Structure formats: structure tokens, C-alpha cells
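Working notes, beginning with the structure itself.
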There are 2 protein chains.
Amino acid sequence: MITIKDVARLSEVSISTVSRVINDSKPVSPEVRRRVLKVIEETGYKPNDVARSLVTRRSYLIGVIVNNLAQSYVADIVRGIEEIGKMYGYDILLCSSYSNKETQEKYLQLLDRKQAEGLFLVGNRFDSDVLELAKSLGKPSVFFTRDVNDSMNYISIDSSAAIYEMTNYLINEGHENIAFISDFENRTSVENDKISGYMKAIEDNELDYSKVFVAGSGKHNKAYELGKTISKDSVDFTAAVCSSDEIAIGIMNSFSDNGINVPNDVSVVGYGNIREGRFVRPELTTIGEPYYDVGAVGMRMLIKTIKGDRTQKGLMELPFTIEKRNSVKTIK
Amino acid sequence: MITIKDVARLSEVSISTVSRVINDSKPVSPEVRRRVLKVIEETGYKPNDVARSLVTRRSYLIGVIVNNLAQSYVADIVRGIEEIGKMYGYDILLCSSYSNKETQEKYLQLLDRKQAEGLFLVGNRFDSDVLELAKSLGKPSVFFTRDVNDSMNYISIDSSAAIYEMTNYLINEGHENIAFISDFENRTSVENDKISGYMKAIEDNELDYSKVFVAGSGKHNKAYELGKTISKDSVDFTAAVCSSDEIAIGIMNSFSDNGINVPNDVSVVGYGNIREGRFVRPELTTIGEPYYDVGAVGMRMLIKTIKGDRTQKGLMELPFTIEKRNSVKTIK
DNA sequence: CTGAAAGCGCTTACAG
DNA sequence: CTGAAAGCGCTTACAG
């Protein structure tokens, strides 16, 4: 392995000088610079970032803890984090915790020892011990979580407003009997927000009908079962607002298998804009959350904080979008 | 920040001794050990891995370069890599290249400077310059690529055998007119393997009919267009083997939109077992590649190589699975 | 079992 | 503009 010492020796200067030309940190005479550069070129010397880290106390490493990369929204957030990180010279140390508290704590310690400069935690919910530990590390941190209870930096999306807007959209399309299919077992504050967005739309429009079904946390499968149950009784609503795309697709599939046509018999909308929504028939109308941007914006906050900007505090709220596709019928 | 020096001072021993109790590297008297441990406990001292790396020349970092984390199979591979890596104390430095050659080269350099101990490259195809560079770094490396041309370590799946088996499955279900829908524009050696698997099945069963369509690389959309064209002419096959699930779903959707029922009129099978295949109706019969295992097995190879095992050379072939779902009709 | 010292590959005052 | 020296936080022969 060729080191700065070798370069110094071969170009007959001190290692200080070599360091200066590598980092362009101080003036070096053109002649000397050329000589050093030539040796670097010839030897293929590349500075050792570990050594550099030790003295500069900068690792340019960001620790990212996620629950499960297999969820496409998580992957999108990570893409956003990485892209912005790379723009500023930061690298990503990826840790998947699969929602396990002990694993999260282990990784937090690990990231601390690796001298990560910042932490980006992505998860539905964090145990208060984990939050505590993260805080105790004294590193700039950003959270993307559905369950905020703290004075931490975090990114969020106003899911209540999103459901409110979506429900209003259905009402404008002529629907009056609108049900909400909730992921109740897995209830978080976000789930409550969604339900309240739905209820508010019903109330604001003075509709008589409202009904909340509970699909359970199995997502697609549980929703499929619920759909079967609903199909057996007569369906008394013309539109269903679902708490997630997985639920919406599960419901659509079970309706389809039980002779209920979407959207002709019932309109169905989801939340999340997962990729699958474009592949199913009819294509699912849904609420899009800008996950890539969550990563990107969060990372910008994080980097600013690392750079000493203390104004980057508290909540950053990102806009949602209504993706209108073919699972809603206009009835008026 | 509290260092080993502080711990040494507070427990009134030398830093050598502290190092020994931290690493359990040499005998330390129980009494001294207790004292040191107590100070570590009290101060919350955690060793600085950067400093440790510098002297041990071990970073326990694996550089992972992928094309795009948004592809679910890529995320699965990364999960496998990370999981096994963590089991052996390795961390993952994630780099997304979005198939850009210059980006890949940049990240390779970066990973080298960061002293990554091994490289895991995931991509359909790598430019020979990239392969060259990767090799020149002299680090243990594993590739998962569809386009192998070298004496490198790589993981693969016998796609020819997979398509062969799938085609035979259709034949056993009574199909005699079977078409292959290829991703020809994006032709790689894998694409050729797939076609040859298809042709071999046709020949081995002495069928008269064979036809290869070209869907083009736009995947879902291009396949949708092709499906429209096929629908307009009369469909003269009863089953279609598709080169990828995206193509299969595109074809199924355009058939569905043009009044051709899958599987009653035409059976369709895919390749890849992407999540969407379970969400579409009918659920897609397809070939599964064990992506998580690709990451896990590849990482095991990589770690063994890092540990000096030179037998870990060449190809590692992983088994595929036939996922039988509802897009195939039995006609006999 | 323990400690003093050298050294990992760099950066950065400091002095000239 | 340049170099000698100190030091980042550790590990590890070496000597005792």
C-alpha cells in the first residue's frame, strides 16, 4: 500500500507539502505541485480516509436505521438520503432493524463507535428507550416516523388533510355513502389522523352515512378477508377510502373475486401510492407521499444541522398528492 | 469525547491494559479488569472504531454498489448482504449508481479510499472499464450480474434451465402453441439463455409451433403496446412465456383491456417473482429467483475470501423456483 | 500480568 | 512557499 510518505519521498518534498497539494489547503509552488501530482499519478496513490478521519474528526458517514428495506417506501427514502448525502460528500451506513428494539439499540451503538456524524431513523414507531439512546449520543438526528411525541427533528406528512381531501374528491364525484377501511389493529397516531380526516369530510359535507371497517394489520390478506365478509352482506356504500394501498388492493381483489365490480359497483381509493397500484386493474386512485423527498429533505436538514445550523429544529411537513386513476367512478 | 486515555487515567492503569480489557486480547488480573470495567461503565466510554481501523487495517466495511434500490429485487439482495454482513461484524456502505458508468467508477474510488475490505457489485451489466477498475483495487469482490464474461467471483441463476422447466410445465398442462415474449432490445447473455431454454423445451417435445416476440426494454409499457398489436392480429398461441414479470403483467393488462381473457384464452407466465405478481388478477405464475439468498450467499463468499479462503472462486449457481399461481390454464 | 514506546496514515499549527 | 514536529485514538510487539 502506497502512503503519503512514499509520495513525499518519491517527489522529494515533505509529507506536509504532499498533504497540501492533495487537499489544496495551502499554496504550493507550481513546480512542486507538478512534481507531486506526477508521483501521485504514477503511483496511483489514494489518500486513506480512515487516517484522515482520525485527525479531522470527520467521518462523512451518516447512519441510517430502517425497519425493512423490502418495503418500497423505505427504499425510496433511502434513495433520497443517499442521493443528497453523496452530493455533500456523505456516505450511508445502512442498518436494517426489522422493527426490533434491541437491534436498533445495537446499531445505534455501532454507529456511534463508527463515528457517524448524523443519524437518520426511519420507522413507524420507536420505543422511547431507543429515542432516549439516540438522543444521548448527541449527534444530529432526523426521524421519519408516524408516531411523534417529542421535540426531535422530524419529517411528516399531514395524513389527516390528505384523507380529508381524498374524501372530498369522492364526494365531488357524487358519492354520498363512503366507508373508511382502517388498519386498526396496527393503530398509530397516524391511523387516528386518517380517520379524523375522513370524519371531518363527512361532517363538513353533512353526509348521513359514515362507517369505519377494521381490516387488521395483515394488510393485503386481512383486507381480502374483510372484503369477502363485506361482499356477503350487501354493500351499502358506493366508495371506500382505504388506510393503505395494500388494504385497497386486498379489498379490490376480494370484490373482484366475489362479483363486485370496481369501480362500477364500488369505488376504492388507497393511500401510499405503492408501485403495485399501477399494475392492478383498475389502476388504483390513491394518495401519494413523496418518499424520495422525505429522504432528500430530511438529509438536507441533517447536513445543515451537522454544519452547525441550529435553526433546523422540529417538524418539516411535506405535501401529498392525489393520484387520480381508474378505481373511482363519477356518479352524478 | 472520552478516550482510552481518560479511562486509563481514571482507572489508574496504562492504556495498554485498558485496550486489553476492551478487546479481551490478553490476560488481565481480575481486580484490574474490574476497575477498568467500572470506569468504562461510569464514563460510558466507547472505543473509536476509526482509530482502531487505522492501526488494525481492518475497516469491517463492505462497499455495495447497486443500480437502483427502487427495484425490489435489488433491495432484497441488499437485505441479504446486510444480514450476513452484520452476522460477521461487517457494515454496508451503500452506493446507488443508477447504471451510470462514471458514477460506478467514482464510487469504486470512494470505497477504496474508505478502506472497504470487500466489494459487492449488483447490476445487469458492467462496462469493462468498471470491471477493470474493480479488479485493480485488489479487493475481494463478488458480482451479481446477468452478463458475465470473466474469471470473477459471481453469483448466477440458471435462467435457461428455469425457462426450460417452465415451458415444460406449460406443455404438461396441454399447451402446444407456446410463444416467448422477449426483452430483446435489452439483450444480454441472460436473454439469450432464456430463449435457448424456451427453444430447447420446444425441440425436446417436438412441437411444431414456436414464435419469439420482442417487447423492447420499456418493460411494462412496451409490453402493453406489444400486447395490443398481438391482440389485433389473431392470437395463435395458447400460452406465452415472458422474459420478465414486468413484461408478463404488461401483456396481461393489454390482453385484459382488449377482451382477451387470461388464462382462459391465453396463459401467461413471467420470470422474476416480483411482488406485483401477487397483486394482479389473475395472480401471475412465474419463476422465482432467490434474491435475498443471492445477497446472503454472495456475502458469505465475500467474507470467506476476505478471511483468506482462496477456494471461493468462480461461479456460484443458485436454484430457482416455479411459483404456480393462476395465470395458467390446463387444457387437456 | 503490566507499562512505555512505537506506529498506523494522515492534518495542522508553528517556525522559518 | 516549505518542513519538522506533534498529535488524532487506538493496538501491539517488546521488555520486564
Side-chain angles (χ1 to χ4, degrees), chain A residues 1-40 43-61 89 109-117 137, chain B residues 1-40 43-61 89 109-117 137:
Chain A
M1 191 192 172
I2 146 121
T3 74
I4 197 173
K5 233 187 243 168
D6 301 313
V7 176
R9 185 171 35 77
L10 290 169
S11 43
E12 299 177 301
V13 292
S14 70
I15 60 169
S16 319
T17 300
V18 176
S19 174
R20 280 167 200 137
V21 350
I22 294 167
N23 298 304
D24 231 349
S25 51
K26 284 211 170 178
V28 173
S29 76
E31 140 67 0
V32 169
R33 170 183 304 276
R34 219 171 299 123
R35 228 163 59 215
V36 172
L37 254 18
K38 183 148 171 287
V39 171
I40 290 178
T43 56
Y45 166 73
K46 259 172 274 156
N48 180 329
D49 275 350
V50 171
R52 181 179 278 173
S53 265
L54 183 58
V55 23
T56 59
R57 291 145 179 289
R58 302 291 314 262
S59 67
Y60 286 99
L61 248 28
Q109 304 278 14
L110 177 85
L111 292 169
D112 190 31
R113 283 199 309 272
K114 294 252 176 192
Q115 312 300 115
E117 293 188 36
L137 265 22
Chain B
M1 192 193 172
I2 147 120
T3 73
I4 196 173
K5 232 187 242 170
D6 301 314
V7 176
R9 185 172 35 78
L10 290 170
S11 42
E12 298 177 304
V13 294
S14 71
I15 61 168
S16 318
T17 300
V18 176
S19 174
R20 280 166 199 138
V21 350
I22 295 168
N23 299 302
D24 230 349
S25 52
K26 285 209 170 179
V28 173
S29 77
E31 140 66 359
V32 169
R33 170 183 305 275
R34 217 172 301 122
R35 227 164 60 216
V36 173
L37 253 20
K38 183 149 170 286
V39 171
I40 289 179
T43 56
Y45 166 73
K46 260 173 275 158
N48 180 329
D49 275 351
V50 170
R52 182 178 278 173
S53 266
L54 183 59
V55 24
T56 60
R57 292 143 178 289
R58 304 289 315 261
S59 67
Y60 286 97
L61 249 27
Q109 304 279 12
L110 177 86
L111 291 168
D112 191 32
R113 284 200 308 272
K114 293 253 177 193
Q115 311 301 114
E117 294 188 36
L137 265 23

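If you're wondering where the values come from, they're calculated on a predicted model, not measured in any experiment. Order of the sequence lines sets the chain letters (A, B, ...), proteins ahead of strands, with each chain counted from 1.
Residue pairs meeting the salt bridge (charged side-chain N to carboxylate O under 4.0 Å, His left out) criterion with at least one member in residues 11-29 of chain A, sequence neighbours excluded: A:Asp24-A:Arg33. Among pairs with a residue in residues 46-61 of chain A, those fulfilling salt bridge (charged side-chain N to carboxylate O under 4.0 Å, His left out) read A:Lys46-B:Asp112, A:Asp49-A:Arg52, A:Asp49-B:Arg113, A:Arg58-A:Glu117, at least two apart in sequence or across chains.
Judged as a salt bridge (charged side-chain N to carboxylate O under 4.0 Å, His left out), and not counting sequence neighbours, the contacts of B:Arg35 are B:Glu31. With sequence neighbours excluded, the residues forming a side chain to side chain contact (heavy atoms under 4.5 Å, CB included) with A:Ser14 are A:Ser16, A:Thr17, listed by chain and number. For the ring-ring contact (aromatic ring centres under 6.0 Å, His included) test, no residue two or more places apart in sequence or in another chain qualifies with A:Tyr45. In this view, A:Ile15 and A:Ile4, A:Lys5, A:Ala8 satisfy the side chain to side chain contact (heavy atoms under 4.5 Å, CB included) rule, not counting sequence neighbours. Under the side-chain hydrogen bond (donor to acceptor under 3.5 Å, both in side chains) criterion, B:Ser11 pairs with no residue, sequence neighbours left out.
B:Asn23 comes within contact range of the sugar-phosphate backbone alone, with a heavy-atom separation under 4.0 Å but no base atom that close. If you check every strand for non-hydrogen atoms under 4.0 Å, A:Arg57 touches sugar and phosphate atoms only.
In this structure, B:Asp6 and B:Thr43 have side chains that are not in contact, with every pair of non-hydrogen atoms separated by 4.5 Å or more. Taking the side chain as every heavy atom from C-beta outward, A:Asn48 and A:Thr3 never approach each other to under 4.5 Å.
With a heavy-atom cut-off of 4.0 Å to chain B, the contacted part of DNA chain C has its first and last nucleotide at C:dC1 to C:dG9.
Mapped onto DNA chain C by nearest heavy atom, A:Arg20 and B:Lys26 fall at different nucleotides, with B:Lys26 at the one closer to the 5' end.
The CG atom of A:Asn23 lies 9.5 Å from the OG1 atom of A:Thr56; values are rounded to the nearest 0.5 Å.
When all heavy atoms of B:Ser19 and B:Ser25 are compared, the pair lying nearest together is O-OG, 4.4 Å. Listed here is the closest heavy atom pair of B:Val50 and A:Lys114: CG2-O, 4.1 Å. A:Ala116 and A:Ser59 get closest at one heavy-atom pair: CA-OG, 3.9 Å.
The separation of D:dG16 from D:dT12, taken at their C1' atoms, amounts to 16 Å, rounded to a whole angstrom.
Of the residues in residues 2-19 of chain A, A:Thr3, A:Ile4, A:Lys5, A:Ile15, A:Ser16, A:Ser19 come within less than 4.0 Å of DNA chain C through at least one heavy atom, sorted by number. A heavy atom lying under 4.0 Å from DNA chain C marks the following residues of residues 27-34 of chain B, by number: B:Pro27, B:Val28, B:Ser29, B:Val32.
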**Complete:** Dot-bracket for DNA chain C, 5' to 3', Watson-Crick and G-U pairs with both distances under 3.5 Å, [ ] for crossing pairs, | for partner on another strand, reads |||.||||||||.|||
